[in-house]
Amino acid sequence: MRNSDPRVPGFLGRALSFEMSAVQQYLTHARLADNWGMDRASSQFRQEAQEEMGHVDRLVARMLSLGVAPNASFLRPVVTGQDLQEVLRANWQLESEIVSLYEQAFHFCARSGDSNGQAFFGELLREEQEHARELERWLTQLTEPGPVAGARS
Ligand SMILES: [Fe+2]
Ligand SMILES: [Fe+2]
């Protein structure tokens, strides 16, 4: 089996910083939604934070398997908002950046013949692409006229 390129730990470290930033942001948004009396939105944000924790866990495991100490080094300040729409836009923006990082990591591994790395990042890429699409659907629901507002059904 071929070893990972030394640049792979760089992608993993950046991903870890992003995922931990997402945990911080979504837990904050859960509390904001509580303050706004939006229970369903709050539990949705909490669930998203849990999913991002799962990604943190997988990145940590991957780093350990490559003999790298997990080293998230930059937590982004949380982007808040005045209402649900604003925080969802901020989350969509964060997810888009995470998707872009996983795309780069996936293509890098593909080009360098690291099939394990490619599979690892490919799975995270698909999950975050789906997460971004879910946020788009939620935003659409909020902005379209209709009875459902404030929570994803
Ligand atoms: Fe994630
Ligand atoms: Fe995500």
Side-chain angles (χ1 to χ4, degrees), residues 4-5 7-36 38-66 68-110 114-143 148-153:
S4 285
D5 184 281
R7 278 165 287 185
V8 168
F11 282 115
L12 289 166
R14 268 177 280 157
L16 190 57
S17 294
F18 261 123
E19 297 287 3
M20 294 187 78
S21 298
V23 171
Q24 168 176 255
Q25 182 149 316
Y26 301 160
L27 286 178
T28 304
H29 291 174
R31 285 291 175 180
L32 278 178
D34 282 336
N35 295 345
W36 297 334
M38 304 178 104
D39 295 347
R40 288 174 67 191
S42 176
S43 36
Q44 178 62 35
F45 287 134
R46 270 177 223 291
Q47 190 190 316
E48 288 177 29
Q50 283 299 318
E51 285 165 18
E52 307 305 0
M53 276 297 294
H55 294 164
V56 166
D57 184 42
R58 279 152 64 184
L59 287 163
V60 165
R62 183 81 188 155
M63 290 168 112
L64 290 177
S65 77
L66 296 176
V68 176
N71 60 344
S73 53
F74 176 64
L75 274 187
R76 294 185 165 217
V78 170
V79 179
T80 58
Q82 297 300 311
D83 57 28
L84 186 58
Q85 210 167 322
E86 281 184 18
V87 300
L88 286 177
R89 285 213 181 92
N91 295 354
W92 182 85
Q93 179 61 42
L94 182 59
E95 290 296 324
S96 302
E97 289 183 59
I98 294 174
V99 163
S100 157
L101 175 66
Y102 285 140
E103 270 169 357
Q104 289 171 46
F106 174 81
H107 290 300
F108 177 81
C109 290
D114 176 359
S115 56
N116 288 333
Q118 188 183 356
F120 177 80
F121 285 119
E123 204 170 314
L124 286 165
L125 173 60
R126 276 189 299 280
E127 288 176 33
E128 298 297 22
Q129 282 170 330
E130 179 52 28
H131 192 181
R133 277 193 294 271
E134 279 173 21
L135 289 169
E136 281 165 23
R137 284 195 288 271
W138 194 358
L139 268 165
T140 305
Q141 239 179 45
L142 281 184
T143 49
V148 182
R152 198 167 71 174
S153 54

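Since this is a predicted model, take the numbers as computed values, not measurements. Scope of the values below: all heavy atoms of this structure, side chains included, with no hydrogens, waters or symmetry mates. Order of appearance sets the numbers: ligands from 1, and atoms from 1 within every ligand.
- The Fe ion (ligand 2) lies under 2.8 Å from an N, O or S atom belonging to Glu128.
- Looking at Glu19, its N, O or S atom nearest to the Fe ion (ligand 1) turns out to be OE1.
- The side-chain heavy atoms of Val78 and His29, taken from C-beta on, include a pair separated by under 4.5 Å.
- Looking at Glu52, its N, O or S atom nearest to the Fe ion (ligand 1) turns out to be OE1.
- Remark: the backbone N or O of Ser17 is paired with a side-chain donor or acceptor of Ser21 at under 3.5 angstrom.
- If you run side-chain contact (heavy atoms from CB on, under 4.5 Å) between Glu128 and each of Glu123, His55, Glu51, only His55 comes through.
- Atom CD of Gln50 has 12 or fewer heavy atoms from other residues, nucleotides or ligands within 6.0 Å.
- Nearest N/O/S atom of His55 with respect to the Fe ion (ligand 1) is recorded as ND1.
- When you scan the N, O or S atoms of His131 for the one nearest the Fe ion (ligand 2), you land on ND1.
- Other residues, nucleotides and ligands contribute more than 12 heavy atoms inside 6.0 Å of the CZ atom of Arg137.
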